[in-house]
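Numbered from 1 within each chain, the chains take letters A, B, ... in sequence-line order.
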2 protein chains.
Amino acid sequence: MKNKKIRLEAIEAIIRVSTFRNQDDLLLALNEKGFSLTQATLSRDLKQLKVAKQPTANGDYAYIFPADTQEKTKSIARDVSHSFAANGFLSLDFSGNMAVIKTRPGYAGGIASDIDTLPISPFLGSLAGDDTIFLLLKEQATKETVLETLTPIIPGIRK
Amino acid sequence: MKNKKIRLEAIEAIIRVSTFRNQDDLLLALNEKGFSLTQATLSRDLKQLKVAKQPTANGDYAYIFPADTQEKTKSIARDVSHSFAANGFLSLDFSGNMAVIKTRPGYAGGIASDIDTLPISPFLGSLAGDDTIFLLLKEQATKETVLETLTPIIPGIRK
DNA sequence: AGAAATTTTGAATATTTATTCACATAATTC
DNA sequence: GAATTATGTGAATAAATATTCAAAATTTCT
C-alpha cells in the first residue's frame, strides 16, 4: 500500500521534529496532517520503525529513534562474551578487597580490557600481566556483585 | 534509601547484559536476584534511569539506554581534554589501603616512575600497567598525605 | 532526642500500548 | 481474468505501563 510508506515517513519526520507524550497525541497530529489511522495502526507503525518511548529530563516521555551506536555496542558486547566463553579464563580468587583472575598465558590483557569496558563495575581498577589480573574492589563491592558483573564476560564464572 | 541506589545499579547492569520483553519479566529476574519490589516501583525506576523500550529486529521488545551513553561519553571526553593539558592523569581513587590512579593510555609507567622517585613517600610500593597505577599505602598514610605528596607531580590533584 | 519535611514504596487503578480477530485491499500465480 | 496469498487496517480487547493515593521509611532541622 502506498499510503503506508508515506505515512511511515511522515511519522518519522514528525517525531524527529517535535515530541509527543503518548500515541494519542501523536495520532492527533497525524490526523491534522490528513493521515487517517487509528491507535492500533500507529502502534504497529511505531513498532516497525523501531521507535522507542523514552523518559525525558523533565519527567515526561518522548518518542525517539535510538542511536545505532547503542545497538552496535550491545551486539559487540554480546559477541565478546560469546568468543570468550571457552577461552582464557582459569580461576578467580579473593583476598580482602582484591580479586585475582588467572588466565591462560597471554589472555590477561584481553580479559582485563573487557572488564574495563563494563558500563557498571564493582572495580576501582584492574591491572593485567600476562596470565594474571589484579582487580581492586570498590569498598561497597561484594563477591556476589563481582561474580554478577563478570558473568557477561566469562559465562558461568564462579569462585 | 540505600537499597534504591543499589537496585538502580542492578537494573542498569542487568538491562545492559540481557534483554527483557516487558517489566514483569525484568521484575522476575530482579526478584530472583533478591530484589523485592513491585511493577509500580520498577516502572518508576525505569523512568528515573531513562530506560526506553525499543522494538527489536525480531519483532520483540527490549529495554535500552538511549542517548544516555552519548552524553556520558561526551562529558568524559571533556574531562579528559582538561586533565590532558597537564599530563596523562585522569583520576585518583581509594579503597582500603590502596590507591588507584587512572591515566590516559601509556602514561601509567611515566607517572609511576615519577612517584617512585619522590624523596618522602606515603607508599609502600607502586605497580603500573598501561593506564592504571596501583599504590599500596603505608599503614599510617592518609588520603590527605597522599594528595599532598602527589601535588608536585600532578598539580591540582584531588580525589 | 523529637518534629517536620522529603523520599520511597505497594496496592489499586487509570492510562497507554500491543495484539487478536475479522475483514478488506493489494499483490502474485495460474 | 479468477484463485491464491500476502499485507494492511479498525474495532474491540488484552496486556503492559504509569500514576494516584496512603502509608512507611529516611533524612533534615531544630
Side-chain angles (χ1 to χ4, degrees), chain A residues 1-66 70-71 120 139-140 145, chain B residues 1-68:
Chain A
M1 279 170 179
K2 259 178 195 170
N3 288 345
K4 190 181 177 186
K5 198 175 181 190
I6 296 172
R7 192 183 64 224
L8 288 180
E9 282 174 13
I11 291 173
E12 172 158 4
I14 202 170
I15 282 179
R16 290 216 191 273
V17 171
S18 19
T19 64
F20 303 90
R21 73 191 88 262
N22 59 39
Q23 290 183 6
D24 280 345
D25 274 17
L26 176 50
L27 190 60
L28 217 66
L30 288 167
N31 286 338
E32 277 174 16
K33 282 199 181 288
F35 292 96
S36 156
L37 71 165
T38 62
Q39 180 268 324
T41 299
L42 179 54
S43 171
R44 285 184 276 245
D45 285 357
L46 292 176
K47 183 172 184 178
Q48 198 170 342
L49 289 170
K50 304 220 190 319
V51 169
K53 187 187 185 186
Q54 185 196 17
T56 63
N58 51 327
D60 226 324
Y61 295 87
Y63 292 92
I64 56 154
F65 287 89
Q70 265 291 350
E71 287 185 69
I120 295 180
E139 300 211 312
Q140 71 277 29
T145 3
Chain B
M1 277 176 177
K2 258 178 196 167
N3 288 346
K4 189 181 177 186
K5 197 176 180 186
I6 296 172
R7 194 184 61 225
L8 288 180
E9 283 177 12
I11 291 174
E12 175 159 3
I14 200 170
I15 282 178
R16 298 209 115 108
V17 170
S18 19
T19 65
F20 302 89
R21 71 190 95 261
N22 58 40
Q23 290 185 5
D24 279 345
D25 275 16
L26 174 51
L27 191 60
L28 216 67
L30 288 167
N31 285 337
E32 276 173 15
K33 282 196 182 289
F35 292 95
S36 155
L37 72 164
T38 62
Q39 179 269 324
T41 299
L42 178 55
S43 172
R44 286 184 277 246
D45 285 356
L46 292 177
K47 183 173 185 178
Q48 198 171 344
L49 290 170
K50 305 221 190 316
V51 169
K53 187 189 185 185
Q54 185 196 17
T56 63
N58 51 327
D60 226 325
Y61 295 88
Y63 293 93
I64 57 155
F65 288 87
D68 178 60

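- A straight line from CZ of B/Phe20 to P of D/dA15 spans 21 Å, rounded to a whole angstrom.
- Closest to the side chain of A/Tyr61, from the set C/dT9, D/dG10, D/dA18, is D/dA18.
- Residue contacts shown for B/Leu42 are absent, as no nucleic acid heavy atom lies under 4.0 Å away.
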Requested in this report: Decide side chain to side chain contact (heavy atoms under 4.5 Å, CB included) for A/Leu46 and A/Ile15; before the verdict, give the C-alpha distance in whole Å, the side-chain angles of both, and the deciding distance to 0.1 Å.
Outcome: CA-CA 10 Å; A/Leu46 292 176; A/Ile15 282 179; 3.8 Å; yes
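- Each of B/Thr38, B/Leu37, B/Asn22, B/Thr41 was scored for a side chain to side chain contact (heavy atoms under 4.5 Å, CB included) with B/Leu27, with one residue passing: B/Leu37.
- As rounded to whole Å, 17 Å separates atom P of C/dA26 from atom NZ of A/Lys5.
- Residue B/Arg44 places a side-chain atom within donor-acceptor reach of the base of C/dG10, judged by atom type and a 3.5 Å distance cut-off alone.
- For B/Thr56, the side chain to side chain donor-acceptor pair (under 3.5 Å) partners are B/Asn58, not counting sequence neighbours.
- Look at A/Lys47 and you'll find a side-chain N or O under 4.0 angstrom from OP1 or OP2 of C/dT19.
- Within the 4.0 Å cut-off from OP1 or OP2 of C/dT17, at least one side-chain nitrogen or oxygen of A/Tyr63 is found.
- When the C1' atom of C/dG10 is taken as reference, atom CG of B/Asp45 falls 13 Å away, rounded to whole Å.
- Between D/dT9 and A/Thr41, no contact under 4.0 Å exists linking OP1 or OP2 to a side-chain N or O.
- Taking atom CD of B/Gln48 as the reference point, atom C1' of D/dT19 lies 15 Å away to the nearest angstrom.
- Computed from coordinates, the A/Leu8 CG to D/dG8 P distance equals 9 Å when rounded to whole Å.
- For the side chain to side chain contact (heavy atoms under 4.5 Å, CB included) test with A/Leu26, the passing option among A/Leu28, A/Leu30, A/Asp24 is A/Leu30; the others fail.
- The phosphate of D/dT17 (OP1 or OP2) has no side-chain N or O of B/Ser43 nearer than 4.0 angstrom.
- In this structure, B/Thr38 reaches the C/dG10 phosphate: one of its side-chain N or O atoms is under 4.0 Å from OP1 or OP2.
- Atom CD1 in B/Ile6 sits about 11 Å away from atom P in C/dT9, given to the nearest Å.
- For D/dA16, its base never sits under 3.5 Å from the side chain of B/Gln39 at any donor and acceptor pair.
- Contact annotation: the side chain of B/Arg7 approaches that of B/Ile11 to within less than 4.5 Å [non-hydrogen atoms, C-beta and beyond].
- Both B/Pro55 and B/Leu37 sit near DNA chain C, but only B/Leu37 has its closest nucleotide nearer the 5' end.
- Rounded to whole Å, atom P of D/dT17 lies 12 Å from atom CD of A/Gln23.
- Taking the side chain of A/Lys53 as heavy atoms from C-beta on, and the options D/dT19, D/dG10, C/dT16, the nearest nucleotide is C/dT16.
- One interatomic measurement links the two molecules: CG of B/Asn22 to P of C/dT17, which rounds to 16 Å at whole-angstrom precision.
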